[in-house]
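So the structure is just underneath, and the comments pick up after that.
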Amino acid sequence: MSTVLSIEHYTKEYGKGVKACDDVSLNVEAGDIFGFIGHNGAGKSTTIRAVVGVLDYEQGFIRINGHDVKREPLECKKVTAYIPDNPDIYENLTGIQYLNFVADAFGLSLDERKERITDYANRFEIADALGDLISSYSHGMKQKVAIISALIHEPLLLVLDEPFVGLDPKASFTLKEIMREMCAKGSAVFFSTHVLDVAEKLCNKIAIIKKGKIIANGAINELIGDQSLEEVFLEAVKE
Amino acid sequence: MRSTNFLLLKTMLRSTSSINIIRYSHDKKARGRAWGMLIGTAFIDVFVFAMGALIAFGFSFLGHAEEVPLLAAMLIALMSLVFTFMKTNEFLFGFREYDMIMAMPFSVKSVVANRFLFMYMKDLPWNMVITLSMLTGYAIAVKPAAWVYPVWIILSLFVAIMPMLIAAALGAATLRITSGFRHKKALQIILTFIVVIPCFFIQYIVQYFVRTDKMDVVVDKSAAFVNSSARYVPGVSWFADSVNKGSISSMLLLVGVSLLLFEGLFLIISRSYRMINSRIATSQIKHHKVSQKEYKVRTIVGSVAFKEWKRLTGSTAYAVNMGLGEVFVLLVSLVLPFVNAYKLTSGAFGENFDIRNFSAIVPLAVYFMLGMAPTTACSPSLEGKNYWIIKSLPVDMLSVYKGKMLFNILLTVPLGIFSVLAGCFSIRAHALDYLLNIVMIVCACFFSTVYGMLCGARFMRLDWENEIEVIKQGTAITLYLLPNMLFTSILMGLAIFISYFANGRIVVLAAIAIYLILTFVCYLGVKGVAKSRG
């Protein structure tokens with residue numbers, strides 16, 4: 001299986017000596033649904049933001065599909081999609097205008113965007129609201145538009161930061177379904193979450209981060225054995 | 001007001017204060033920016049203080065000491081009126097932390113009053129610089145009695161209140177009317193322009209009356225203008241009577257009416273405050289169904305330009321501040337074809353005077369307004385929390401900047417050409433001047449766009465609380481505004497001077513060459529910044 005995301009010795013410092021992430025290394029292969037777990041302030045978002053090229057970093061290497069995030073950012077971004085934990089999107093655009101904007105950035109043809117936007121908008125039950133201004137959307141609706149914008153170019157790597165926060169149960173189910181479909185087609189999903197039940201059922205691999213350091217990493221079956229993920233996580237993060 | 005209410009005001013002031021950043025931030029850049037802001041403000045204050053003191057001294061020295069308090073009060077009152085009206089939609093209504101504050105145990109009235117006081121406190125240092133500078137000039141020339149100083153200083157604190165309250169009421173009424181409509185933003189922008197534009201025309205009316213006279217006549221006319229218009233600006237005469245005549249009743253009226261209006265107005269506004277804010281925050285109930293036409297393919301540069309258009313029209317503060325020059329130019333251009341400036345100036349300055357020799361002024365005057373504030377100087381900072389979208393897209397930063405530049409060019413160039421055509425027609429310019437002046441305005445607009453982009457990209461600031469911070473007060477816009485205005489003023493001076501002795505086309509050609517070179521240099525700078533940003 002080919003490596004879609006490779007993080008090697010990634011370290012991010014804020015100020016002198018304050019390490020938000022310290023020597024983080026992990027691999028996400030094609031077909032993986034990789035859960036990234038840790039409590040608040042552990043370094044999940046800092047890692048994710050560096051992976052998608054939003055945050056600069058000083059040490060280590062991050063490669064997406066063999067391309068270095070720092071040296072070949074555009075090559076990496078072309079195959080990646082990102083959904084932040086609180087998707088602030090252009091409030092003055094309508095849903096369809098925002099999706100057109102993202103589709104333009106990824107160079108999608110008219111037919112491709114029509115087909116995919118219609119498909120995902122129907123699946124997330126937001127088709128009727130796409131003509132309205134984003135500023136009028138609820139948090140969940142904004143989240144849905146952000147998710148659709150991430151999916152329309154069929155990314156090789158989907159990176160999500162707390163994707164299930166604010167989604168209704170139906171949308172959560174649809175997103176999980178789409179994540180599985182993507183992985184079946186050879187893409188990979190890398191996401192952070194606090195919802196351990198979801199991670200346990202959805203992921204084939206997980207990594208646990210504590211105070212910026214990876215303390216557990218591997219196939220979920222091997223890591224948890226007979227225990228639940230919750231028990232393993234609480235044991236791992238215990239002082 | 002209860003002490004808990006001051007807690008709200010204190011917190012808002014603290015959260016927007018540079019001093020707080022300097023004291024507590026560990027981020028060197030943020031601290032440096034805060035220091036820069038303080039030092040920059042101090043420089044401007046010193047400059048304004050010197051100007052104010054000189055004007056007051058000049059008025060007093062030429063026998064118009066009684067008009068100095070009127071002038072000080074009128075300046076504060078007019079500025080408060082215009083700027084408060086423009087800020088109502090960001091400071092009083094529809095502010096970012098509305099939900100959080102309204103969920104706290106404060107009464108609606110105290111929230112409204114605190115937001116108003118917050119606006120007042122933000123303007124207070126500026127108002128005090130004006131009034132104290134005028135007091136200084138007045139005191140040096142007149143040497144007034146000791147009681148004048150405390151009366152002047154204390155009453156200065158109240159002068160801005162009534163105009164601010166009137167502006168807030170107008171702003172609230174505007175929002176109340178427009179918030180129920182589907183295209184409420186567009187309506188707000190139009191209504192704001194209707195109120196603001198006449199205020200900017202006042203200075204041109206004043207300039208018309210005093211344009212060619214000697215200094216003492218200018219001061220006489222200005223004093224007469226201040227005297228006659230003071231009665232229309234609330235509170236100004238009371239302030240002047242308090243200082244000039246020691247009138248206790250005027251002092252009581254100024255303070256009493258200000259406080260009464262304050263209490264009364266916020267009682268009224270607070271009744272519909274939630275409703276207005278709800279309407280601002282929520283959309284139309286009926287969904288707009290997406291048609292097949294709305295699926296559109298654009299180049300990324302075109303797509304960014306379209307996004308910029310929606311950003312501009314989606315924010316009243318942004319549209320009014322960026323569009324003021326454009327609207328002003330448009331209005332003047334619509335009138336100009338009906339004014340035969342060639343005939344008018346021949347009549348005024350004699351048969352030998354030929355205004356066509358001064359046609360270089362036309363594009364420069366148009367550019368002075370059009371190039372006042374380009375969208376490119378603010379738009380990188382205005383990405384704010386949306387910056388992640390641009391950063392995570394597979395688009396190089398130069399393409400994004402090109403899109404932002406394209407938008408500003410589309411906004412300014414067609415209007416610039418139209419205005420130059422109108423101006424040239426009005427002065428009955430020669431055919432060649434039409435062509436040269438059009439080339440010049442196009443070059444000037446390109447320069448404004450690219451220079452603005454350089455400032456905007458280089459001094460991008462994403463961590464703003466209120467967009468006014470980067471639209472009006474940001475480092476990028478300041479660094480654009482001052483050199484650009486200075487450079488344009490020098491060019492205009494040179495154009496007038498040279499046109500007296502030689503063919504004005506030399507100035508136009510020289511300006512075209514200068515603008516082209518500067519545009520090229522700035523573009524290289526933009527490319528450099530784009531490369532560093534990834």
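Worth knowing before you read on, the calculation uses all heavy atoms, side chains too, and leaves out hydrogens, waters and symmetry mates. By convention in this document, chain letters (A, B, ...) are assigned in the order of the sequence lines, proteins followed by strands, and residues within each chain are numbered from 1.
Once rounded to the nearest 0.5 Å, the distance linking OG1 of A/T80 with CG of B/L393 reads 11.0 Å. Here the straight-line distance linking atom CD of A/Q97 with atom OG of B/S303 works out to 10.0 Å at 0.5 Å rounding. Here the CD-NZ distance, from B/E294 to A/K114, works out to 11.5 Å after rounding to the nearest 0.5 Å. Expressed to the nearest 0.5 Å, how far NZ of B/K391 lies from OH of A/Y82 amounts to 12.5 Å. To the nearest 0.5 angstrom, A/T94 atom OG1 is 7.0 Å from B/K310 atom NZ.
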With side chain to side chain contact (heavy atoms under 4.5 Å, CB included) as the test, would you mind laying out the steps for B/V304 and A/F101 before giving the verdict? CA-CA 7 Å; B/V304 172; A/F101 171 71; 3.9 Å; yes

Assess whether side chain to side chain contact (heavy atoms under 4.5 Å, CB included) is satisfied between A/Y98 and B/K307, documenting all intermediate values. CA-CA 8 Å; A/Y98 177 68; B/K307 173 189 88 67; over 6 Å; no

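A donor and an acceptor atom, one from each side chain of B/Y295 and A/E115, are nowhere located under 3.5 Å apart.
In terms of heavy-atom pairs under 4.5 angstrom with chain B, the leader among A/E75, A/K78, A/K70 is A/K78. Of the listed residues (A/L130, A/V52, A/L110), the one with the most heavy-atom contacts under 4.5 Å to chain B is A/L110. Ranked by heavy-atom pairs under 4.5 Å with chain B, the list A/P84, A/P73, A/C76, A/A146 is led by A/P84.
Nearest heavy atoms, B/K385 versus A/D88: CD-OD2, 3.4 Å.
Only the side chain of B/I389 comes within contact range of chain A, judged by heavy atoms closer than 4.5 Å.
Residue B/R458 qualifies as open at atom CZ: its count of foreign heavy atoms under 6.0 Å is 12 or below. For CG of A/L74, the number of neighbouring non-hydrogen atoms (other residues, nucleotides, ligands) closer than 6.0 Å is greater than 12. No more than 12 heavy atoms of other residues, nucleotides or ligands lie within 6.0 Å of NZ in B/K531, so this atom counts as exposed by the packing criterion.
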